[in-house]
Number of protein chains: 2
Amino acid sequence: MNTSVLPNINTDLVEMAPHFQFAHSVDCVIFGYDKGVLNVLLIESDHPDYRGQWSLLGDLLRPNEDLDAASYRVLRERTGLTDMFLEQVKTFGEVDRHPAGRVITTAYLSLVNVRDHQLKSIDNALQWRSVNDIDTMAFDHKMILDACLAVLKRKIQEEPIIFNLLEKKFSLRNLQLVFEQILGMSFDRRNFRKKLFTTGLLVDQGEMERNVKHRPGKLYSFNREAYDQIKKKSFVGLQF
Amino acid sequence: MNTSVLPNINTDLVEMAPHFQFAHSVDCVIFGYDKGVLNVLLIESDHPDYRGQWSLLGDLLRPNEDLDAASYRVLRERTGLTDMFLEQVKTFGEVDRHPAGRVITTAYLSLVNVRDHQLKSIDNALQWRSVNDIDTMAFDHKMILDACLAVLKRKIQEEPIIFNLLEKKFSLRNLQLVFEQILGMSFDRRNFRKKLFTTGLLVDQGEMERNVKHRPGKLYSFNREAYDQIKKKSFVGLQF
DNA sequence: ACAAAAGTGTTGCTGGTACACCCATGT
DNA sequence: ACATGGGTGTACCAGCAACACTTTTGT
């Protein structure tokens, strides 16, 4: 009995040939936050079975491309961004998930801030859609989106990735709004501030908001160096 | 410009053919707990490049098989178990990860208890190895094992999956030992008891340990129904 | 003046941690 | 009798939740 994970290289190659018939793709679930709303970047599908429905940004994996590299490429090609948060979430491999054949896809979660880096409008079929407004999507993409949303909710409480959604300098109010938006809860302002300050991850930028029609708030930035230090010694979570 | 995730079915099939050349596999990281040690079920590789090294239990995905179904099949075929905890963890898709060609693999985490269900010894190359004794493995399997261990550490604090490692009836001592073993910490016995009891997830079975050479402890079981109820309303975590 | 949000402290409660003694069983 | 772990309660401390008023800016 052959006990290896794969048949030996020495065994008849014909035996293995039928296995090398899968296609693999990556799909990027790109979240952005704008004016109080959590958005996801979508494109209208022009696949005949799903024409006009919303679809995630993805592409087929190339024969000599690492999986992670492919997701990075998709993000770069579609948005022009090159230095964003990007992390693998889950792989979807149902037999019938794609009409074109056996395509297995790996979903990636990405967080970008739309202000600092303006999107290249290479492709005007691209659109930011509020995650709350999305009911149906092409393929199994709604399921993929939901999986990524669940992971997002978990991860913002485990690691300080939420800052990727904001500009480098942000007000505490905005930070709180993003948390509230994603988690679907609301927090007491004073307690939220205390909690965030005691993490030691925020740096007062000595600047104020501009052009707001109320008392301007201080601007802060995320101190990544401090985070890297603290994390070595202890868990740094923001459990709500 | 073609904006769909995949080329249309109508476009030249020749265009897509080069993409359907990947193989896909699943690898199961099967953890078991026995006499104070966290083990993982491994097999000696007989792939020429890695002969004699330890390898995870895996197999190639079949053309008409769902991804999850494949992991389930591997577990069933190798261990004879059919009703175990099994969950997808991560997909590894480096170009050169497998000598036989472009094989992408999805890792699954599985927890089994060795006592309740005796392993079929179909295959005597199978062996339980202490996770602490494993340094190198075939392919990229050490990396996969490490990823699954990290996920295991996280998940036992988020969901009551740890009970899958124990027999149906277990002593609090054993439960605590499994936690300590996996997390690499030790806890105060009284505080551990209080914490577990206040979850409301343990049922006193009215039975005692047998054949222990000290005062026998009470046996408890995990109350899944209670968990399902509680979980609907609130988060049920066991943060340590 | 009004509207909108910024900024700020205290109190009570809850949950975690630290800690020591007697009990039941096998040898 | 001894060794091994089972079983139990309390006191302290830290972190969380609840809560209201004054300040700054734009209109």
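Computed from a predicted structure; not experimentally measured. Naming: A, B, ... by sequence-line order, numbering from 1 per chain.
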message: Would Ser45(A) and Ser55(A) count as a side chain to side chain donor-acceptor pair (under 3.5 Å) here? Give the steps.
response: CA-CA 6 Å; Ser45(A) 173; Ser55(A) 165; 5.1 Å; no

task: Before giving the answer on side chain to side chain donor-acceptor pair (under 3.5 Å), spell out for Glu180(A) and Ser186(A) the whole-Å C-alpha distance, their side-chain angles and the decisive distance to 0.1 Å.
output: CA-CA 5 Å; Glu180(A) 292 182 337; Ser186(A) 54; 4.8 Å; no

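Distance Arg193(B) CZ to dT17(C) P: 17 Å, rounded to the nearest Å. In this structure, Leu196(B) places its CG atom 14 Å from P of dT8(D), rounding to the nearest Å. Atom CG of Leu175(B) is separated from atom C1' of dG5(D) by 16 Å (rounded to the nearest Å). For Lys195(A) and dA18(D), the NZ to P distance is 12 Å, given to the nearest whole Å. Taking atom CZ on Phe187(B) and atom P on dG15(C), their separation rounds to 19 Å, with Å as the unit. When the P atom of dG6(D) is taken as reference, atom CG of Leu202(B) falls 15 Å away, rounded to whole Å. The separation between Gln176(A) atom CD and dG7(C) atom P is 12 Å, rounded to whole Å. dG26(D) atom C1' lies 15 Å from atom CZ of Arg210(A), rounded to whole Å.
Checking Gln239(A) against His214(A), the closest nucleotide of DNA chain D that is more toward the 5' end is the one next to Gln239(A). Comparing Lys213(A) and Asp188(A) by the nucleotide of DNA chain D that holds the closest heavy atom to each, the one mapping nearer the 5' end is Asp188(A).
Residue side chain Arg189(A) reaches the base of dG7(C) through a donor-acceptor N/O pair under 3.5 Å, judged by distance alone. Between the side chain of Arg215(A) and the base of dG26(D), no donor-acceptor pair of N or O atoms lies under 3.5 Å. Contact annotation: side chain of Lys218(B) to base of dT8(D), donor-acceptor pair absent below 3.5 Å. You won't find any donor-acceptor pair under 3.5 Å spanning the side chain of Arg190(A) and the base of dA6(C), going by distance alone.
Among the nucleotides dT17(C), dA18(D), dT4(D), the one closest to the side chain of Asn191(A) is dA18(D).
Judged by distance alone, the side chains of Ser25(A) and Thr105(A) do bring a donor and an acceptor atom under 3.5 Å apart.
Taking the six-membered ring for Trp and the full ring otherwise, the centers of Tyr220(A) and Phe197(A) sit less than 6.0 Å from each other.
Among the protein residues, Arg173(A) comes within range of the sugar-phosphate backbone only, with heavy atoms under 4.0 Å from sugar or phosphate atoms but none that close to a base.
Residues Lys142(A) and Asp135(A) approach most closely at CE-O, 3.1 Å, considering heavy atoms.
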